[in-house]
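Reading through the structure tokens given below for one structure.
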There are 2 protein chains.
Amino acid sequence: MTTDQRKESWSTAEEEIMQATYRALLEYGYAGLSISRIADELGKSKAAIYHHYDTKDDLMITFLKFTVDRFEETIDTETGDEPVEDLKHAIEELLPLQRDEEQRRLQMVLVSLRSQAVTNETFREQFTQIDKQLAATIRSIVDRGIDEGTFRDIDSSRVAEHILATVNGAMYGRTTTDRHNTAAAARVSLVSYIDTELKRHS
Amino acid sequence: MTTDQRKESWSTAEEEIMQATYRALLEYGYAGLSISRIADELGKSKAAIYHHYDTKDDLMITFLKFTVDRFEETIDTETGDEPVEDLKHAIEELLPLQRDEEQRRLQMVLVSLRSQAVTNETFREQFTQIDKQLAATIRSIVDRGIDEGTFRDIDSSRVAEHILATVNGAMYGRTTTDRHNTAAAARVSLVSYIDTELKRHS
DNA sequence: GTCTATAAAACGATAGAC
DNA sequence: GTCTATCGTTTTATAGAC
């Protein structure tokens, strides 16, 4: 998942501010996030933050991009020569059966940020881009399967949106409810769907 | 969707406060929501609000329940005698091809509130309950289809979680990105899945 | 780059009059 | 029930010293 240009080098100070923002967001939520609390997490004064960022909005936009980059780095969409396996691999990446603590926290942060997309244009653009990217990746795998003759001649766009909606919805449910094993159930059904509905009937 | 006990009667004043909170949330987002802004939307003073609610948290919890009730009222999960049609009807309710402005706003509010579930226990409980209810409704339709012999003998829990995750994910994407027609695409693929994978092969 | 100190505004919440 | 006025705190943001 190395596509568009991203900020390659964060200065040490900036990186530490991002990490502190990350921790503060997890502890207090987006609504409870303040420069004071970020500064406390950082172990420095508020002025130390304002030296690097003009306004709180400026900081949050930078943090949004920082988090989106982190997310994209964790998604490995390598492709092999078996479309079915590639699809399953993509789903495993986006919706792992077991999430470690770091994955869990990243998704909590992403859900918190994504909700801001409801009323904030800049945030909406970022998540539009992410979903566009993911849908295109899934679609290209399905298209390859159709070309190869492994898959039936289905509408790859529709199937890609279906898969994306399911993994996003399962992830969403996982981080906003206590129904923790339901994501795995949804995934099993989704993979079974790929096996029987997409594969050419033999 | 008339299940648990809900507050039947809001006083006129309380109803107006809920409506004002609704508008303020849409305008400023959850993070930008304040008693002052709600009071401005209401056209009354802050003290008028504090007469009805002890704290801001108290008001927000009440508003959460108010909104959840509104959502449940809009979902009509009547069941007929055709499981396939009942499933399609449930999906149409949860993920309409065309949303009017009121539906759009309600989902914006729901997504804003739901993101609070990441760090707030009370919010998480509410949305856990909603998803539980929806999954159970879907599951019971699938079970009926299996008993009747219309559906194959699939795992109804898994399929229900799959359907729920897909409609939730499509709604989520719809309200947090500019990819507006993708929800319809996901829905078409989901319905096609129900037609071919669930139905007993004839 | 980071500090302390501070300004100006907004915040949640209350008191007391009507 | 609703008002005005106000309290104490927290907020974003800046100034000036080091």
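Just so it is clear, the values below take in all heavy atoms, side chains as well, and ignore hydrogens, waters and symmetry mates. Below, read A as the first sequence line, B as the second, and so on, with proteins coming before strands; counting in each chain starts at 1.
- The side chain of B/Ser45 places no N or O atom within less than 4.0 Å of a non-bridging phosphate oxygen (OP1 or OP2) of D/dT4.
- Ranked by how close their nearest DNA chain D nucleotide is to the 5' end, A/Tyr50 and B/Glu16 are led by B/Glu16.
- Here the side chain of A/Lys46 is nearest to one of C/dG1, C/dT6, C/dA13, namely C/dT6.
- Between B/Ser156 and B/Asp143, the side chains place a donor N or O and an acceptor N or O closer than 3.5 Å (distance only, hydrogens not considered).
- Going from atom NZ of B/Lys56 over to atom C1' of D/dT10 covers 12 Å, rounded to whole Å.
- One finds no side-chain N or O of A/His51 lying less than 4.0 angstrom from the OP1 or OP2 phosphate oxygen of D/dT14.
- Side chains of A/Thr176 and B/Arg114: a donor on one and an acceptor on the other come within 3.5 Å.
- In this structure, B/Arg37 places its CZ atom 16 Å from P of C/dA9, rounding to the nearest Å.
- Inspection of the B/Gln107 and B/Gln103 side chains reveals no N or O donor paired with an N or O acceptor under 3.5 Å.
- Rounding to whole angstrom units, CD of residue A/Glu14 and C1' of C/dG1 are separated by 12 Å.
- Atom NZ in A/Lys44 sits about 7 Å away from atom P in C/dC3, given to the nearest Å.
- A donor-acceptor contact under 3.5 angstrom links the side chains of B/Ser157 and B/Arg139, judged on distance only.
- As a whole-Å value, the separation of B/Tyr28 OH from C/dA10 C1' is 13 Å.
- If you measure from atom CD1 of A/Ile35 to atom C1' of C/dT4, you get 18 Å, rounded to the nearest angstrom.
- A close approach under 4.0 Å does occur between a side-chain nitrogen or oxygen of A/Ser34 and OP1 or OP2 of D/dT11.
- Taking the side chain of B/Ala13 as heavy atoms from C-beta on, and the options C/dC11, C/dG1, D/dT2, the nearest nucleotide is D/dT2.
- Among the atoms of the strands shown, base atoms are found under 4.0 Å from some heavy atom of A/Ala47.
- Going from atom CD1 of A/Ile17 over to atom C1' of C/dG1 covers 10 Å, rounded to whole Å.
- Using modelled atom types, one finds a donor on one side chain and an acceptor on the other under 3.5 Å when comparing B/Ser115 with A/Ser115.
- Taking atom CG on A/Asp40 and atom C1' on C/dT2, their separation rounds to 15 Å, with Å as the unit.
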